[in-house]
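Below is one structure, written out as structure tokens; comments come after it.
The analysis underlying the following values was restricted to heavy atoms, covering all of them including side chains, and did not include hydrogens, waters or symmetry mates.
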Amino acid sequence: MDPLEMQDDSKKSNKPKYSKFTQQELPACKPLLTPSIVISTFLLVGILFVPIGLASLSASQEIVELVHRYDTSCVPLADKVGFIQDTKTDKSCTRTLTVPKHMKSPIQIYYQIGDFYQNHRRYVKSRSDKQLRYKDAVHLTKDCEPEVYGADGAPIVPCGLVAWSLFNDTYTISVNKKAIEVNKKDIAWQSDKNKKFGSDVYPRNFQNGNLIGGAKLNESIPLSEHENLIVWMRTAALSTFRKLYGRIETDIMENDQLTVVIQNNYNTYSFGGSKALVLSTTSWIGGKNNFIGVAYLTVGGFCLFLALFFVVLYMIKPRTLGDPSFLSWNRCTLDYPN
Amino acid sequence: MRPERPLPPPPPSQQTEEAAAGAPGMDAPTKLPDPVPSPILRHSSANSMRRSRSLRSLMADSPSVTFATNNLRSGSKAESTASSLESFRFHRDRSASGTPAGLGRVSTRRSASERASSQRDLHDEDARFVYINDAERTNAPPAGLPDNSIHTTKYTVLTFLPRNLYEQFHRVAYLYFLVLVALNMVPQLGVLSPAASVLPLAFVLGVTAVKDAYEDWRRHRSDKNENNRTASVLVGGVFVPKCWKEVQAGEVLRVVANETLPCDMVLLSTSDPTGVAYVQTINLDGESNLKTRYAKQETMPTPAEALAGVIKCERPNRNIYGFLATVDLDGRRAVSLGPSNIVLRGCEIKNTAWAIGVAVYTGRDTKVMLNSSGAPSKRSRLETHMNREVIMLAVVLFLLCAIVSLLAGIWLGHHSDELGVIPFFGKRDFSDKDDPDATYNWYGMGAEVAFTFMKSVITFQVMIPIALYISMEIVRVGQAFFMVQDKHMFDDKRQAKFQCRALNINEDLGQIKYVFSDKTGTLTENRMEFRCASVHGADFSDTAGSGGADDGHSVIGEDGVVLRPKTAVKTDPKLVALLKDGAGANADRARDFFLTLATCNTIVPIAVDDAAAAAAADPDPAAVTARLLEYQGESPDEQALVYAAAAYGYTLVERTSGHITVDVFGSRQRYDVLGLHEFDSDRKRMSVIIGCPDKSVKLFVKGADSSMFGVIDKTVNSDVVQSTEKHLHSYSSLGLRTLVIGMRELSQEEFQEWQMAYEKASTALLGRGNQLRNVAANIETNLHLLGATGIDDKLQDGVPEAIEKLREAGIKVWVLTGDKQETAISIGYSCKLLTRDMTQIVINSRSRDSCRKSLEDAIAMVNKYQSFSTDPQLRVPLALIIDGNSLVYIFDTDWEEKLFEIAIACDVVLCCRVAPLQKAGIVDLIKKRTSDMTLAIGDGANDVSMIQMADVGIGISGQEGRQAVMASDFAMGQFRFLVPLLLVHGHWNYQRMAYMILYNFYRNATFVFVLFWYVLYTGFTLTTAITEWSSVLYSVIYTAVPTIVVAILDKDLSRRTLLKYPQLYGPGQREENYNLRLFIFIMIDSVWQSLACFFIPYLAYRKSVIDGSSLGDLWTLSVVILVNIHLAMDVIRWNWITHVAIWGSIAATWICVVIIDSIPIMPGFWAIYKVMGTGLFWALLLVVTVVGMIPHFAAKAFSEYFIPSDIQIAREMKSQDFHDVTRPEVQMSTVSRA
């Protein structure tokens, strides 16, 4: 054989194998922003958003919310911090509220704390999730600084600033002078109770240091059943937050008198925080918040406006799509006839 | 006439050669130059004299020796031409040595004069001493010469890790991330967990390291193959096989025909009795023709094993055309060695049974290795520009961090008294009972602020997109894959695929403004074809009726072998008839015409086996063996002419230095070559003086028409002159290369007069070249015009169309060629570079002053034309034609600026007669003065410097070897592939890469801004609601794949559209897809989207039970959805891969978030499940997406409709005509066939 030819044969494999993929010719859709697509997109968004906005606004309106800030009125004006830090004084404080509207059960009871940075970096990090979950992980406290060891030098369970600062105000509520039961069960996430907090992990050495941060825990009850702790440990995203305290499972009528006896124990005075009690009904939208409804209405309205705006624009200055005379080099020749 | 010569020596060596050749006043007596390297059988040098002597004596018994030898003994002043010729030769021999004629005398005389000079030239301290046959002594310390192994690998197993890391960290961005990782390891600054902080950098480094390791392993493999090839080395008197890597300097090697040389060696002896060896240097400089190299006569007779001596040579250098050495045999006499005595690694021995040489340069010292240092790594323009934006992002990052740390300082100052008791701050360390004032993690205000700053740098680090760097590499590999696979860039003829050799400048292909092209082999095929002849005023160009293939082609050799010229040429039957049977003046002229073609050249005929004929036609071994007659020579034009002469019955069958044998219609005739005046660029012609069998002496001349008409006797047959001129004009307008043929019969007196002058000139020590030129000029007068030839320098397929397309695309095509001006211009016309309506500015100066004058004239002319009309449509196109000499003057002085001005104003620039370094100089001229991108394309070694200089270098993998390809960034088979490469792939690559970079900036910035807004609500403490794993995975998994896929696959316009409207290339040149304006726009969009993404959920969740993790998950998902929808909105072609990538990424993000939230010990356990169960979450996701996208969508809709770009209109056109879509895309080959 001719060596040259043989070489050719062997080189044939050089030739790229052609396929739609290698030639970059896969079937493809090439959408264009034609006027009709632009206008109908804006119209569609507008038409979709306005009803959603109205629906959520009405849902938010239906929610009855009772917010009562009590931190200022439940302490003497002078030396708030001294008062609150004194463990001996009676801190109970009775407030009477009038229900503005019929409240359907379940009525959620929240406490709302203001300017408490549960999202502060030092605070968020100061916990040991392993210790909360596993019985054997008592000593895994490296992240818990500065709340690691109790008075006896043994590790605190649960350790860390988050647990230490557990909220400890309590509310006793009576409607029209008749005490009603506040259900404090199932206020925490079921998942937290089952998986995150160990049912065999018991509090130890908790709140027996020099400075008491907040609530104490019953050492005979496992962590998974301290629902107030579990709620507290799910740190809030923002500096003013609510946490579920309990639930009232009866309806409260309009103009009913609510008497709340507050044990005002929790110290927000040393950093200028605020405390409030919140009673609220629920709906699919969550708590009472008109913002989302307003946002939807605004956006929807704006989109309808844009649709109109583009219709006008397209009418004022129409252009044939794909007209070659608009190409820059063709425009050039138009400028220079001949 | 001659094709461009590869690499006339670059300046440094030029200087040494010139100095050696006789710079007056330097060193008298000056040495004679060494035999000029390439030309075959030149009479001007003493070396060939010597060879002619030996050839003669060898052929004393040959029957073809006719008359000269008869007079050998006369000795006295001969009366006949022939005897005078002999005496002339004797005389020279005597004058040379004074001893009887014999081998080696000439060289002895030469060496005597050379010894002095060459020893002066080469100082001992600059020299390398190679002891022949004594490798031990040669390599003994302190010489310490390397062995012959080559190592192109960068790493070994041990050094890989440190060295690779070291190299990778040359990227400043990587160092930045390394510093951040280190910072994060400081306990006080630990924002991220160590694993999360190391992951991104480790990923990027790992991917690159794997790639580098693979490449290096491949290099290692090829090195190993190379090093283990065997060479035959003289050991103890016998040649034994030895691995290449073991060859040492000083050892004597034997190389047989078709073998590759393992190292650079000085020839000692060859199978040829005269010491000639033919080498092919295709691997070295890309030239496919054979070069002659000589063994010195002094070393020839001694058997190699008995040879001893020392070679003193230059230190290794890169100049492949220079070599300076002396050999001292037995300490008796130093013989000088020049470039013609050395054969270089990588060359192949051809037509020589064997050659023996001594290794002088080995391994990494060989010239080929020194020249293969590889292209300096280039960075794409886009990447360079990207740095500007990266710096801006760094400033933004600094500002964000400064704001955070400033506010943190204010906050701390505000609360400084309370820090100990604030439950969420915990300044006091309650664990430490001994010290009531113990603090935890508190180092004072100043330190806190500083720490906050550093922590915020760590938190916001992705502002500088590290993933972008690795994405770019992946994208380039993907783009390269599609370029390589493109069937439109596959060269069927040579089975050559497109090659991407540099992987970091793909996108530069979309921004080219200047193309610098070599001519020979790039625009043309470098295959000359004889087309027409004008003989004595009659035009013979009608080859339609050409007879059978064998007609007049084959000749019977001496030994009965049929010789057939390798290339058949179509003949004009009328002319054949005239030659065969014609009578009268016309026929005689025609015969002289073809005799001139057959004799007036430096072609060497070589008979090779006719493999095709042997295989196909006659399996019968008894049949007459047919061999192919191949004409080897430097000049393809000459080859074409000799093949043409053979086709017309004048077959050159043999050449020795003293005579040539021509087969004239079957009868062998011997012609003595009495003298040869080489071609030079001043005379632009060459001539031979031939002693004919009828004892007449004739001068045959061929040359460029411009020079020939000056020396032709126009008084006789003026009508012939006129009609020839007419023919010449018509030939050259066809784009043919024309030559004019003339002759004159010399009288006895004239001949003797010439002979004296010639002898004097060729032995002159000073200014020999000039003297020879004068001799030639004196004899080349009053010629009779024989006719003219037209040779077609075949253009490659599709070159005119490709140039046209490139010009339409706004790319300026400059042709830089080593060819002479006339040829360059004629090719310029035939490839439509030059058009008839162009005004040519020719700068063609012979002196510094005239050069300046012509520059000034040119500037005046340019200004005149520019002021003449400012209207671009009416502008007169200008073409600048400039030659190498003028360029020398220009680059020597500071007139570069002027040249630049002229060149910029011209539409076309043609540079002719340029040396390789000048090519690079011209590229540099543009590169230095404009910000425009340059591309150089070439196929030969002479283009290497230009290819490396240009922003993008493209090698044509043609016949001319691999040098250009090795130096190039991209290699392809044909010039016309430049069109799809630039207009289609370049456009795509640029557009995609530009978008990807901007998108990556935007994508990361959006995320960082979302983090930043949140930090403002956490007491400025760098808490992130988004989990740290999501932050790490964000640019690696959540959003990385779509941008890579889009950057590889998206096409803004189809190939067909891009080729139809070359102007669409413009946006790349004008940098329309990546500029500061776009960057600012996309950053504004980024801020807007981050605001929407952060504040809508913030306002909705204010004073609610929302926990950090749930909100973080919402933010994660909405950012990812936003940036992916942003990308989706900008995708132009949606194919299934794009769909999978974009929607898949969102799904993948969701899955990752779910997985992270399913780990019980993570703080955000179960958050995503909880939050997805609320209606508010979905409502927020929807509104965030819509609010985030409205500005981008509205702006896009507005700008596309009301201020459409060309690309937008072209896209619309494409989708308008649906009937076109069904048609197959236009193939480039249709262009090529035209």
Side-chain angles (χ1 to χ4, degrees), chain A residues 2 11 14-16 18 22 24 26 28-30 32-33 38 45 117 119-124 129-130 133 145-149 161 165 189 191 195-196 209-211 213 234-238 240 242-244 270-271 284-287 289 291-292 295-296 299 306 321-322 326-329 336, chain B residues 418 421-426 429-431 440 482 485 487 490 495 497 611 615 871 873 1017-1019 1021-1023 1025 1051 1063 1096 1099-1100 1103-1108 1111 1132-1135 1160-1161 1163 1165-1166 1170 1174-1176 1179 1183 1186-1187 1194 1196-1197 1200-1202 1204 1206 1209 1212-1213 1215-1216:
Chain A
D2 183 357
K11 275 188 181 170
N14 251 348
K15 195 162 177 139
Y18 301 140
T22 59
Q24 304 193 61
L26 287 173
C29 156
K30 290 151 278 183
L32 273 181
L33 285 181
V38 173
V45 173
Y117 286 87
N119 56 14
H120 196 283
R121 179 163 195 91
R122 287 170 74 106
Y123 185 81
V124 174
D129 285 296
K130 283 190 180 135
R133 172 144 166 70
E145 295 273 9
E147 278 296 321
V148 180
Y149 301 109
L161 279 178
S165 59
W189 296 2
S191 56
K195 300 251 182 67
K196 201 162 168 60
N210 299 343
L211 195 66
R234 199 151 271 281
T235 52
L238 301 165
T240 298
R242 288 172 187 182
K243 292 215 170 275
L244 193 54
S270 59
F271 58 89
W284 63 270
I285 197 91
N289 191 343
F291 171 78
I292 191 75
Y296 264 88
V299 173
L306 276 179
L321 286 188
F326 278 91
L327 291 166
S328 62
W329 56 92
Y336 302 102
Chain B
E418 308 152 9
V421 287
I422 294 178
F424 53 83
F425 196 89
D429 193 347
F430 304 108
S431 309
Y440 154 69
F482 284 114
Q485 292 291 320
K487 66 178 172 195
F490 180 75
Q495 293 290 312
K497 258 200 275 194
D871 183 346
Q873 294 298 310
Y1017 291 89
T1018 64
T1021 54
L1022 286 322
T1023 320
K1051 305 194 299 186
Q1063 293 94 330
I1096 292 174
L1099 291 170
K1103 297 185 183 170
S1104 76
V1105 292
I1106 194 75
D1107 61 292
L1111 197 51
I1132 290 156
R1133 266 176 188 245
W1134 283 92
N1135 54 40
I1161 53 158
F1165 177 64
W1166 223 250
K1170 276 282 176 195
T1174 64
L1176 190 56
V1183 75
V1186 169
V1187 171
K1196 200 173 157 73
E1200 284 188 0
Y1201 194 84
F1202 297 105
D1206 291 339
I1209 291 165
E1212 289 164 3
M1213 283 159 67
S1215 68
Q1216 291 291 307

Between B/Phe424 and A/Phe271, ring centroids under 6.0 Å:
yes

Residues A/Ala237 and B/Leu1111: closest non-hydrogen pair is CB-CD2, 3.6 Å

Check each atom of [X] against the heavy atoms of chain B and say whether the ones under 4.5 Å are side chain, backbone, both or neither.
X: A/Arg234; answer: both
X: A/Val45; answer: side chain
X: A/Ser191; answer: both
X: A/Tyr117; answer: both

Quick one: pull up [atom1] in [X] and [atom2] in [Y] and give me the separation to the nearest 0.5 Å.
X: B/Ile1096; Y: A/Ile292; atom1: CD1; atom2: CD1; answer: 7.5 Å
X: A/Arg121; Y: B/Leu1022; atom1: CZ; atom2: CG; answer: 6.5 Å
X: A/Phe291; Y: B/Leu1176; atom1: CZ; atom2: CG; answer: 10.0 Å
X: B/Ile1106; Y: A/Arg242; atom1: CD1; atom2: CZ; answer: 13.0 Å

Hey, mind stepping through B/Ile422 and A/His120 against side-chain contact (heavy atoms from CB on, under 4.5 Å) and telling me if it holds?
CA-CA 11 Å; B/Ile422 294 178; A/His120 196 283; over 6 Å; no

Side chain, backbone, both or neither: which part of [X] has an atom under 4.5 Å from a heavy atom of chain A?
X: B/Thr1018; value: both
X: B/Val1183; value: both
X: B/Lys1170; value: side chain
X: B/Ile1209; value: both
X: B/Val1186; value: side chain
X: B/Ala1197; value: both

CA sep, side-chain torsions, deciding dist, call: A/Trp329, B/Asp1206, side-chain contact (heavy atoms from CB on, under 4.5 Å)
CA-CA 9 Å; A/Trp329 56 92; B/Asp1206 291 339; 3.4 Å; yes

Consider only side-chain N and O atoms of B/Thr1023 and A/Asn119, and report whether a donor and an acceptor are under 3.5 Å apart.
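Absent: no donor and acceptor within the cut-off.
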
Would you mind telling me which of B/Asn1135, B/Asp1107, B/Val1105 has the largest number of heavy-atom pairs within less than 4.5 Å of chain A?
B/Asp1107

May I ask you to establish whether A/Lys195 and B/Trp1166 are in a cation-pi arrangement, using a distance under 6.0 Å from NZ or CZ to the six-membered ring centre and at most 45° from the ring axis?
yes

pair A/Leu33-B/Lys1196: side-chain heavy atoms closer than 4.5 Å:
yes

Kindly determine whether A/Leu32 and B/Glu1212 satisfy side-chain contact (heavy atoms from CB on, under 4.5 Å), including the steps that lead there.
CA-CA 7 Å; A/Leu32 273 181; B/Glu1212 289 164 3; 3.8 Å; yes

Can you tell me which of A/Arg133, A/Lys130, A/Lys196, A/Lys243 forms the most heavy-atom pairs within a distance under 4.5 Å of chain B?
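Going by pairs under 4.5 Å, I would pick A/Lys196.
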
Looking at B/Arg1133, is its backbone amide N or carbonyl O close enough to the side chain of A/Lys30 to form a donor-acceptor pair, meaning the two atoms are under 3.5 Å apart?
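Checking the backbone N and O of B/Arg1133 against the side chain of A/Lys30, no donor-acceptor pair under 3.5 Å is found.
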
